[in-house]
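Model, not experiment: these values are computed from the prediction.
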Amino acid sequence: MGRGKVVIRRIDNSTSRQVTFSKRRSGLLKKAKELSVLCDAEVGLIIFSSTEKLSDFASTSMKSVIERYNTTKEEHHQLFNPPSEAKLWEREVASLRIQLQHLHESHRKLLGEGLSGLSIKDLQNLENQLEMSLKTIRVKKDQILSAEIQALNRKESLSHQENIELYKKANQIRQDNTGLHKKVYRAEFVNEAYRGSQASYGQLRYDMNAPISLQLSQPKPQKNEAPGKALKLG
């Protein structure tokens with residue numbers, strides 16, 4: 001059997017009214033959370049009970065939701081009320097002028113000007129701010145110097161390596177030149193020896209072509225033959 005239709009009207013019984021409020025408030029907060037998660041919506045919910053008890057929910061933060069609501073409301077109001085745009089710009093200019101004046105005064109205080117109206121606490125805060133700024137500046141300077149030193153060390157290492165390579169190449173070229181000088185010296189020596197041998201060979205050929213004189217002599221008699229015996233031929 002289904003539930004009957006509930007009549008939407010104020011509950012007269014305070015106890016029943018409080019129980020219904022607690023139940024429906026929990027359901028409303030649950031639905032708001034589910035809506036923000038499922039639909040990726042920015043949800044802000046504010047509930048005040050009849051006893052002035054506050055209950056709220058915000059998907060991001062209640063402050064950002066309210067600021068967004070006010071901005072959207074002003075833009076929506078400007079669309080339907082154009083003359084108010086001039087007033088909006090006037091307020092914006094006034095706000096920027098105040099911010100500029102505040103920044104100018106802060107800059108003068110950082111420079112050490114306009115300190116007569118400051119208390120000890122204000123001066124201490126200003127001193128702490130300057131010390132923090134100096135510390136940040138020194139850290140940044142040290143980082144830059146360290147980076148430059150590392151870059152110089154890398155360049156020095158590369159230059160040293162290049163010098164070693166150049167020295168090796170120069171030494172190799174010197175050795176090659178020495179070998180070439182030796183080869184040239186040996187070639188010259190061989191050429192000189194070859195030219196000397198050619199001259200001797202030419203002189204030898206000239207002597208061999210010269211005429212040779214020969215003389216014949218009488219053979220000596222043998223001891224076992226008679227001196228007066230003549231050789232007879234048949």
**Prompt:** Below 4.5 Å, heavy atoms only, C-beta onward: do Ser106 and His102 meet side chain to side chain?
**Reply:** yes
**Asked** Checking Thr178 side chain against Arg174 main chain: does a donor-acceptor pair fall under 3.5 Å?
**Response** yes
**Request:** State whether the number of non-hydrogen atoms from other residues, nucleotides or ligands found under 6.0 Å of Asn128 atom CG is greater than 12.
**Result:** yes
**Item:** Nearest heavy atoms of Phe57 and Ser36, plus distance in Å
**Value:** CZ-OG, 4.0 Å
**Request:** Can you establish whether the number of heavy atoms outside Glu165 located under 6.0 Å from its atom CD is more than 12?
**Result:** yes
**Prompt:** Do Leu28 and Phe21 share a hydrophobic cluster (ILVMFWY, side-chain heavy atoms under 4.5 Å, transitive)?
**Reply:** yes
**Message:** Under a 3.5 Å distance rule, please check whether Thr20 uses its side chain to pair with a backbone N or O of Arg17 as donor and acceptor.
**Reply:** no
**Request:** Tell me, with the steps shown, if Ile144 and Lys140 meet side chain to side chain contact (heavy atoms under 4.5 Å, CB included).
**Result:** CA-CA 6 Å; Ile144 294 174; Lys140 185 63 177 179; 4.3 Å; yes
**Message:** Is it the case that the side chains of Asp176 and Gln172 hold a donor-acceptor pair, with the cut-off being a distance below 3.5 Å and no angle test?
**Reply:** yes
**Request:** Find out whether Leu100 and His104 are in side-chain contact, i.e. whether some heavy atom of one side chain is under 4.5 Å from a heavy atom of the other.
**Result:** no
**Fill in**
Residue pairs meeting salt bridge (charged side-chain N to carboxylate O under 4.0 Å, His left out), one or both in residues 112-124, sequence neighbours left out, come to Arg108-Glu113
**Asked** Is it true that Leu45 and Tyr69 fall in one hydrophobic cluster, defined by side-chain heavy atoms closer than 4.5 Å?
**Response** no
**Message:** Rounded at 0.5 Å granularity, tell me how far CG in Leu152 sits from CZ in Arg154.
**Reply:** 9.0 Å
**Message:** Return the OG to CG distance between Ser159 and Leu166, rounded to the nearest 0.5 Å.
**Reply:** 10.5 Å
**Message:** With rounding to the nearest 0.5 angstrom, report the CD to CG distance, Gln150 to Asn153.
**Reply:** 7.5 Å
**Distance (rounded to the nearest 0.5 Å) between Glu162 CD and Lys155 NZ** = 12.0 Å
**Prompt:** Any donor and acceptor pair, going by atom type alone, linking the side chain of Asn171 with main-chain N or O of Tyr167 inside 3.5 Å?
**Reply:** no
**By salt bridge (Lys or Arg N to Asp or Glu O under 4.0 Å) - contacts of Arg25 (at least two apart)** = none
**Message:** For the backbone of Asp142 and the side chain of Ser146, can you confirm whether one donor and one acceptor N or O come within less than 3.5 Å of each other?
**Reply:** no
**Message:** Determine whether a donor-acceptor pair (N or O, by modelled atom type, separation under 3.5 Å) exists between the side chain of Ser16 and the backbone of Asp12.
**Reply:** no
**Asked** Does His160 reach the side chain of Glu156, with side-chain heavy atoms less than 4.5 Å apart?
**Response** no
**Asked** From Asn70 CG over to Glu67 CD, what is the distance, rounded to the nearest 0.5 angstrom?
**Response** 8.0 Å
**Asked** Are Leu54 and Met62 connected, step by step, through hydrophobic side chains (Ile, Leu, Val, Met, Phe, Trp, Tyr) whose heavy atoms are closer than 4.5 Å?
**Response** yes
**Message:** Surrounding CD1 of Ile120 (heavy atoms of other residues, nucleotides or ligands, distance under 6.0 Å), is the total greater than 12?
**Reply:** no
**Asked** If you take all heavy atoms of Glu42 and Ser59, which pair is closest and at what distance?
**Response** CA-OG, 3.3 Å
**Pair Arg68-Val65, side chain to side chain contact (heavy atoms under 4.5 Å, CB included): steps then yes or no** = CA-CA 5 Å; Arg68 184 175 180 182; Val65 173; 5.8 Å; no
**Item:** Spacing of CD belonging to Gln175 relative to CG belonging to Leu180, to within rounding of 0.5 Å
**Value:** 12.0 Å
